[in-house]
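Please read the structure below before turning to the comments.
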There are 2 protein chains.
Amino acid sequence: MTSGHYTPETFNARNAVGYLLRCTLNLLQPRMEALFTDHEFTFVQWCVLMQLRDGLANRAADISRNLNHDSGALTRVVDQLEGRGLIERTRSTEDRRMVELALTPDGRTAVDASIPLVVDHVNRLFEDFSRDDLDMLIGMLKRMIEKLQDGEKDRQP
Amino acid sequence: MTSGHYTPETFNARNAVGYLLRCTLNLLQPRMEALFTDHEFTFVQWCVLMQLRDGLANRAADISRNLNHDSGALTRVVDQLEGRGLIERTRSTEDRRMVELALTPDGRTAVDASIPLVVDHVNRLFEDFSRDDLDMLIGMLKRMIEKLQDGEKDRQP
DNA sequence: GCACAACAACTGCTTAGGCAGTTATATAAA
DNA sequence: TTTATATAACTGCCTAAGCAGTTGTTGTGC
């Protein structure tokens with residue numbers, strides 16, 4: 001038993017990070033999606049488009065790992081985006097298991113158009129935060145993700 | 001257009017808070033649920049039990065507001081927990097619209113038993129964080145929740 | 001060269017979540 | 001008192017997510 005910040009006596013729903021993360025995302029997600037009404041993106045669809053836009057991934061397997069999203073579910077998200085002409089699949093010639101994903105011009109236009117709306121919304125959300133606070137929040141989320149992903153490896157050796 | 005921390009030029013998937021929150025929760029949630037294997041709680045079920053345990057709410061409407069979880073879905077979560085004998089419903093005599101929820105002794109035992117496991121897991125997750133970092137993270141999540149809930153009111157006047 | 005595990009993408013099935021209602025009760029206004 | 005409005009809990013319906021596979025492809029050890 002590691003000694004640490006929480007103890008069984010002091011731990012409660014008010015200061016539980018997982019609980020607070022859930023509350024935050026449950027509030028934030030529908031408000032994000034409300035920004036995309038013109039394009040009718042779900043939050044997950046938007047995340048996929050953003051990954052392709054910013055070069056974080058170009059294959060479904062990488063996207064599902066980055067988002068920690070079920071790979072079966074992601075196939076269907078890609079189906080939808082492809083069906084709407086926003087991304088395109090290309091079977092890789094080097095490794096025929098892989099399908100390379102890319103934004104179409106329409107997809108690029110759509111996701112680019114979402115950026116100012118998102119930026120404005122997030123800026124209003126963080127208007128009471130200092131620049132340092134926001135950087136620290138982003139940094140801590142990244143550290144948590146890294147730590148959790150490291151732990152994930154131990155579970156499937 | 002408010003000026004703020006993000007600009008359309010610098011905004012990308014690597015520093016998008018919503019995206020990072022989603023990743024974190026998608027990693028954290030299944031690992032939490034793995035801790036509850038003995039009791040077979042989902043994360044949402046556990047959140048409901050915690051709210052009752054710590055006195056944050058004793059009615060379905062309050063719980064769904066606190067968690068920002070759909071009230072219809074919550075009815076079914078309560079059904080499950082009641083069916084397993086972990087909580088009980090009592091129709092309020094003061095206001096007969098309301099159903100008061102309470103942990104049964106079994107429910108209390110089950111949720112209490114989860115606490116040391118959760119505390120240990122969260123402490124390991126935050127072992128590289130200083131006490132100040134963790135407090136700041138919790139504080140910032142609470143500020144985000146408050147801000148988002150305030151904005152929610154404006155949308156349904 | 002051949003069996004084998006590892007992997008990417010995908011499919012079918014089951015469950016949970018989100019949305020639009022319905023019913024019953026309470027409060028406020030006319 | 002009657003009407004209108006708000007709220008709590010709940011229900012039915014539909015879509016998305018999570019899980020356990022299947023198929024096809026690559027690389028490794030024998």
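Each chain gets a letter, A, B and so on, in the order its sequence line appears, and its residues count up from 1. For clarity, every value in this text was computed on a predicted model and none was experimentally measured.
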Report summary line: Val99(B) and Arg59(B) have their tightest heavy-atom pair at O-CG, 3.6 Å

**Report entry** Gap between atoms CG and P, on Asp79(B) and dA9(D) respectively (whole Å)
**Finding:** 12 Å

Query - For the student: nearest non-hydrogen atoms of Ala57(A) and Asp62(A), plus distance - result: CB-CB, 3.6 Å

Query raised in the report: Which residues satisfy the side-chain contact (heavy atoms from CB on, under 4.5 Å) test with Ala61(A), sequence neighbours excluded?
Result: Arg65(A)

Report task. Specify the residues of residues 44-60 of chain A, ordered by number, for which at least one heavy atom lies under 4.0 angstrom from an atom of DNA chain C. Result -> Arg59(A), Ala60(A)

Query raised in the report: With sequence neighbours left out, what residues match Arg84(B) under side chain to side chain donor-acceptor pair (under 3.5 Å)?
Result: none

Requested in this report: Check for a donor-acceptor pair, side chain of Thr104(B) on one end and backbone N or O of Leu86(B) on the other, with a separation under 3.5 Å.
Outcome: yes

Report task. For a side-chain contact (heavy atoms from CB on, under 4.5 Å) with Met144(A), tell me which candidate from Leu25(B), Leu137(B), Leu27(B) qualifies. Result -> Leu137(B)

Query - DNA chain C-proximal residues of residues 82-99 of chain A, any heavy atom under 4.0 Å - result: Arg89(A), Arg97(A), Met98(A), Val99(A)

Report summary line: When rounded to whole Å, the CZ to C1' distance for the pair Arg76(B) and dC14(D) reads 11 Å

Query raised in the report: Considering residues at least two apart in sequence or located in another chain, which fulfil the side-chain contact (heavy atoms from CB on, under 4.5 Å) criterion with Ser71(A)?
Result: Ser64(A)

Report task. Would you mind classifying the nucleic acid contact of Glu100(B) as base, sugar-phosphate or nothing, using non-hydrogen atoms under 4.0 angstrom? Result -> nothing

Report task. Would you work out how much the helix from dG1(C)-dC30(D) to dA30(C)-dT1(D) bends between its ends, with each end axis defined by five base pairs, to 10 degrees? Result -> 20°

Requested in this report: Scan Gln80(A) against the nucleic acid and name what it touches under 4.0 Å (heavy atoms): base, sugar-phosphate only, or nothing.
Outcome: sugar-phosphate

Requested in this report: Specify the residues of residues 63-71 of chain B, ordered by number, for which at least one heavy atom lies under 4.0 angstrom from an atom of DNA chain C.
Outcome: His69(B), Asp70(B)

Query raised in the report: First contact, last contact: which nucleotides of DNA chain C are these for chain B, 5' to 3', heavy-atom distance under 4.0 Å?
Result: dA16(C) to dA26(C)

**Report entry** Nucleotide dG18(D), atom P - distance to CZ of Phe43(B) in whole Å
**Finding:** 13 Å

Query raised in the report: Would Arg22(B) and Val44(A) satisfy side chain to side chain contact (heavy atoms under 4.5 Å, CB included), going step by step from the backbone distance to the final call?
Result: CA-CA 9 Å; Arg22(B) 155 71 68 154; Val44(A) 172; 3.9 Å; yes

Report task. Identify, with sequence neighbours excluded, every residue that meets side chain to side chain donor-acceptor pair (under 3.5 Å) alongside His121(A). Result -> Arg31(A)

Report task. Would you please name every residue forming a side chain to side chain donor-acceptor pair (under 3.5 Å) with Glu146(A), sequence neighbours left out? Result -> none

Query - Sidechain-backbone polar pair: Asn58(B) side chain, Leu52(B) backbone, donor-acceptor under 3.5 Å - result: no

Report summary line: side-chain contact (heavy atoms from CB on, under 4.5 Å) filter on Met50(A), not counting sequence neighbours, yields Trp46(A), Arg53(A), Asp54(A), Val111(A), Ile115(A), Phe11(B), Ala13(B)

Report summary line: In short, Tyr6(A) meets Ala16(A) closest at the heavy-atom pair OH-CA, 4.3 Å

**Report entry** Sequence-distant partners of Gln51(A), side chain to side chain donor-acceptor pair (under 3.5 Å), two or more places apart
**Finding:** Asn66(A), Tyr19(B)

Query - Asp112(A) side chain vs Thr109(A) backbone, donor-acceptor pair below 3.5 Å - result: no

